[in-house]
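See below for the structure under consideration.
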Amino acid sequence: MKRKKDIVIVCHCVINCNSKVEGLSLFEGALDFIKVLIDKGIGIIQLPCPELIVYGLKRWGHSKEQLDNSFFRNQCKEMLKPYIIQFENYIKSGYNLKAIIAIDGSPSCGYNKTCSSSIFNGTLCEYPNSIIERENITMINEKGIFIEELSNLLKENNLDIPFLGLDEENLEHVPFILKNL
Ligand code: SF4
């Protein structure tokens, strides 16, 4: 039976941009490089979108600090536990979990960077225009909350799967990512 036993894990919106905050998607449905994975015979596991599950489709964009609370962290952990069980089973059974593709810049799914604001809170009318909002947000070299929790769970379960951070605004580095798969 044909089975290459190579798998890549992707954050949800890599193959379904519809989960993103309205207005933030730079593509129509799924990122193009997924076709390369299919051509290479690599299986794909899609992680859940934590913000869609907890906050829904009509949510505003958030900073990491806004999501950094016990409720959101616990929800992330609960969503991830069934995946950790699957990952362990695949690895024990000789499968190659090649990478987890994260979304750099996301307050949840960033790996190399995440968006941060120490003053983002309160009612939206305090932020009269989006320029002011954007100026209050900076990118910092930290993981997002969901990826932090995933990283902790992998460590706790002695699972070693490398992360690759995808910067959707600079897809020139995609060939580098693909070379590592
Ligand atoms: S929370 Fe993660 S999966 Fe959901 S839209 Fe944001 S980056 Fe994508």
Side-chain angles (χ1 to χ4, degrees), residues 7-37 42-84 86-87 97-117 120-121 124 130 133-134 136-154 161-174 176-178 181:
I7 299 174
V8 165
I9 298 138
V10 297
C11 278
H12 187 94
C13 61
V14 169
I15 48 180
N16 176 28
C17 73
N18 300 295
S19 65
K20 286 180 176 292
V21 168
E22 190 71 45
L24 286 191
S25 180
L26 300 171
F27 52 98
E28 288 185 323
L31 275 165
D32 224 36
F33 78 90
I34 288 296
K35 290 180 197 160
V36 180
L37 302 187
I42 297 175
I44 301 164
I45 294 177
Q46 183 187 29
L47 292 172
C49 171
E51 292 181 28
L52 174 65
I53 292 170
V54 177
Y55 291 103
L57 269 180
K58 296 191 187 297
R59 68 192 185 277
W60 302 108
H62 287 70
S63 65
K64 178 178 178 181
E65 287 81 353
Q66 288 174 298
L67 301 180
D68 192 2
N69 60 75
S70 307
F71 177 77
F72 189 70
R73 283 190 180 275
N74 283 337
Q75 291 296 309
C76 291
K77 265 191 234 165
E78 291 308 312
M79 282 174 225
L80 285 164
K81 279 178 189 168
Y83 289 84
I84 295 293
Q86 287 178 51
F87 299 163
L97 300 195
K98 296 173 86 68
I100 297 169
I101 299 186
I103 304 291
D104 277 350
S106 162
S108 300
C109 299
Y111 178 64
N112 297 302
K113 57 182 182 172
T114 188
C115 55
S116 166
S117 170
F120 231 34
N121 64 48
L124 273 173
S130 57
E133 287 180 39
R134 257 181 256 133
N136 289 330
I137 289 271
T138 50
M139 287 295 164
I140 55 169
N141 297 330
E142 286 183 18
K143 299 180 186 79
I145 303 293
F146 185 71
I147 294 296
E148 274 182 0
E149 292 303 328
L150 175 55
S151 183
N152 293 341
L153 284 168
L154 291 173
I161 310 172
F163 283 93
L164 293 170
L166 182 74
D167 179 353
E168 291 173 306
E169 290 181 9
N170 176 20
L171 290 174
E172 286 152 25
H173 70 298
V174 164
F176 167 78
I177 287 184
L178 292 173
L181 298 178

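Atoms within a ligand are numbered from 1 in the order they appear, just like the ligands themselves. The figures that follow rest on heavy atoms only: side chains count, while hydrogens, waters and symmetry mates do not.
- Around atom 2 (Fe) of ligand 1, the protein atoms of type N, O or S found under 2.8 Å away are Cys109 SG, listed by chain and number.
- The one candidate from Lys143, Lys77, Arg73 that meets the salt bridge (Lys or Arg N to Asp or Glu O under 4.0 Å) condition with Glu148 is Arg73.
- Distance check: Cys13 SG to Asn18 CG gives 10.0 Å after rounding to the nearest 0.5 Å.
- Using a distance-only test at 3.5 Å, with no hydrogens or angles considered, a donor-acceptor pair links the side chain of Asp104 to the main chain of Asn112.
- Under the 4.0 angstrom criterion for non-hydrogen atoms, His62 is not in contact with ligand 1.
- Formation of a donor-acceptor pair under 3.5 Å by the Thr114 side chain with backbone atoms of Ser106 is found in this model.
- Counting only distance, with no hydrogens or angles, the side chain of Asn74 and the backbone of Ser70 share a donor-acceptor pair below 3.5 Å.
- Residues forming a side-chain hydrogen bond (donor to acceptor under 3.5 Å, both in side chains) with Glu78 (at least two apart in sequence, or on another chain): Lys81.
- Only side-chain heavy atoms of Arg59 come within less than 4.0 Å of ligand 1; its backbone N, CA, C and O stay farther off.
- Atom CD of residue Glu22 and atom CG of residue Leu24 lie 9.0 Å apart, to the nearest 0.5 angstrom.
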